[in-house]
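Worksheet: one structure, shown below.
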Amino acid sequence: MAEPATFAAPLPAAFFDRATERVARELIGCRIVRRDGPHRRAGRIVETEAYLGPRDRACHSSRGRTARTEVMFGPAGVAYVYMIYGMYFCLNAVTRGPGVAEAVLVRAIEPLEGCLGRGDGPGRVCRALRIDGRLNSASLAGADLAILPADRPPAALARGPRVGVGYAGIWAKRLLRFWERGSPFVSRAQGKRAPA
DNA sequence: GTCCGGATCTTT
DNA sequence: AAGATCCGGACA
């Protein structure tokens, strides 16, 4: 049986088992497909951030290996989903490992199909695709959640500092955020307060 | 056990 | 500019 063209093969785990910064760049333009019961929800990634492990003070794994961060210490190619501010979830792709606790945060998607609202911000990405903590540690090549290669060439990439990590010292200044230049679906990233 | 603050978003 | 609303991590 021929599948619809939109069911291309997901990215293999090996895609995620490479330098995290590179994965963050190459994820721009890729598609997230979520099976939510009878619903199919999909979006095209337009904004990401790289989190570079224990040495990166903005990365959760810099506080050590704990129940929450455990999944980041495992193999690449699974989801790290955590709750923030008591009401939103954020979706990450675990990169590298086992033993290397790095990840890429999906900050914005262009809604393609079945999305619940907009996807211009990490909390909205999870709301749009109905992703919550139950998908923590799920495969990114699975039936319920998958990341597929880009089906059209992404526009030029832009990069800048990550959002909301002003506490992270020199790591706050690193240009680890990537987005598709000119996309109207990128988060506003209103920058939070500047460090004193 | 208490306390603090956050990889956010919405409303004022 | 501040509230919503909860958990992880730090400390005692």
Side-chain angles (χ1 to χ4, degrees), chain A residues 16 19-25 27-28 30 32 43 45-74 76 78-97 100-111 115-138 140 145 147 158-180 183-196:
Chain A
F16 298 95
T20 298
E21 227 178 295
R22 179 165 186 192
V23 174
R25 274 189 274 115
L27 276 175
I28 302 295
C30 294
I32 304 178
I45 299 171
V46 294
E47 182 181 352
T48 61
E49 283 176 356
Y51 285 84
L52 302 183
R55 69 186 196 279
D56 175 0
R57 284 181 51 202
C59 185
H60 291 168
S61 63
S62 71
R63 262 75 113 203
R65 185 170 185 156
T66 66
R68 180 174 64 148
T69 61
E70 179 63 27
V71 64
M72 269 200 283
F73 287 82
V78 301
Y80 167 43
V81 181
Y82 68 92
M83 174 174 276
I84 189 160
Y85 299 115
M87 42 177 71
Y88 297 103
F89 289 98
C90 293
L91 170 67
N92 297 255
V94 173
T95 60
R96 306 188 65 199
V100 183
E102 305 189 1
V104 173
L105 171 68
V106 178
R107 279 198 59 88
I109 58 170
E110 170 185 344
C115 285
L116 306 168
R118 307 223 177 299
D120 52 338
R124 288 173 178 162
V125 167
C126 286
R127 190 180 58 186
L129 298 173
R130 195 171 257 183
I131 287 168
D132 63 28
R134 289 172 296 188
L135 280 168
N136 188 45
S137 82
L140 295 174
L145 183 64
I147 301 185
R159 68 186 297 173
R162 293 173 295 183
V163 175
V165 298
Y167 59 85
I170 61 167
W171 286 93
K173 301 181 177 175
R174 294 279 306 269
L175 305 182
L176 294 175
R177 171 174 169 244
F178 303 90
W179 66 93
E180 185 177 46
S183 169
F185 303 101
V186 169
S187 75
R188 291 221 205 347
Q190 46 209 349
K192 298 289 169 186
R193 48 209 149 247

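Atom set for the values below is all heavy atoms of this structure, side chains included, hydrogens, waters and symmetry mates excluded. The structure displayed is predicted, hence computed values, not measured ones. Letters go in sequence order (proteins before strands), and every chain restarts at 1.
On the nucleic acid side, DNA chain C has its first and last nucleotide under 4.0 Å of a heavy atom of chain A at C:dA4 to C:dA10, going 5' to 3'.
At whole-Å resolution of the value, CE in A:M72 and P in B:dA7 are 11 Å apart. For the pair A:Y85 OH and B:dG6 C1', the computed distance is 4 Å after rounding to whole Å. Between A:F89 atom CZ and B:dC9 atom C1' the separation is 15 Å, expressed in whole Å. For the pair A:R63 CZ and B:dG5 P, the interatomic distance rounds to 13 Å; values are reported in whole Å. Across the protein-nucleic acid pair, A:L91 atom CG and B:dA7 atom P stand 16 Å apart, rounded to whole Å. Atom C1' of nucleotide B:dT8 and atom CD of A:E47 are separated by 13 Å, given to the nearest angstrom. At whole-Å resolution of the value, CZ in A:R188 and C1' in B:dC9 are 11 Å apart.
Nucleic acid contact for A:G123: sugar-phosphate only, since backbone atoms but no base atoms lie under 4.0 Å from a heavy atom of the residue. Base contact: A:L105 has a heavy atom under 4.0 Å from a base atom.
Here CZ of A:R130 is found 5.5 Å from CG of A:L116. Values are rounded to the nearest 0.5 Å.
You cannot call A:Y88 stacked on the base of B:dT8; the centres under 5.5 Å and planes under 30° rule is not satisfied. With centres under 5.5 Å and a plane angle under 30° as the test, the ring of A:Y82 is not stacked against the base of B:dA7.
Of the charged side-chain nitrogens involved, none lies within less than 4.0 Å of a carboxylate oxygen, so that A:D120 and A:R118 do not count as a salt-bridged pair. A salt bridge links A:R55 with A:E102: the distance from a Lys NZ or Arg NE/NH1/NH2 to an Asp or Glu carboxylate oxygen falls below 4.0 Å. The residues A:R162 and A:E49 are annotated as not salt-bridged, no charged nitrogen and carboxylate oxygen being separated by less than 4.0 angstrom.
The side-chain contact (heavy atoms from CB on, under 4.5 Å) check on A:V71 picks up A:V78, A:Y80, A:V94, A:N136, A:S137, with sequence neighbours excluded.
The side chain of A:R118 contributes no N or O atom lying less than 4.0 Å from OP1 or OP2 of B:dC9. Between A:Y167 and B:dA7 there is a side-chain N or O to OP1 or OP2 distance below 4.0 Å.
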Seminar exercise, completed: Here DNA chain C, pairs taken as Watson-Crick or G-U under 3.5 Å and shown with ( ), [ ] when crossing and | when to another strand, reads ||||.||||||.
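Between the side chain of A:R63 and the backbone N or O of A:R57, at least one donor-acceptor pair lies under 3.5 Å. Checked by atom type and distance alone, the side chain of A:E47 never pairs as donor or acceptor with a backbone atom of A:R177 at under 3.5 Å.
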For this session: Apply ring-ring contact (aromatic ring centres under 6.0 Å, His included) to the pair A:H60 and A:Y51, showing each step before the final yes or no.
Result: CA-CA 8 Å; A:H60 291 168; A:Y51 285 84; 7.4 Å; no
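The side-chain heavy atoms of A:L176 and A:T20, taken from C-beta on, include no pair separated by under 4.5 Å.
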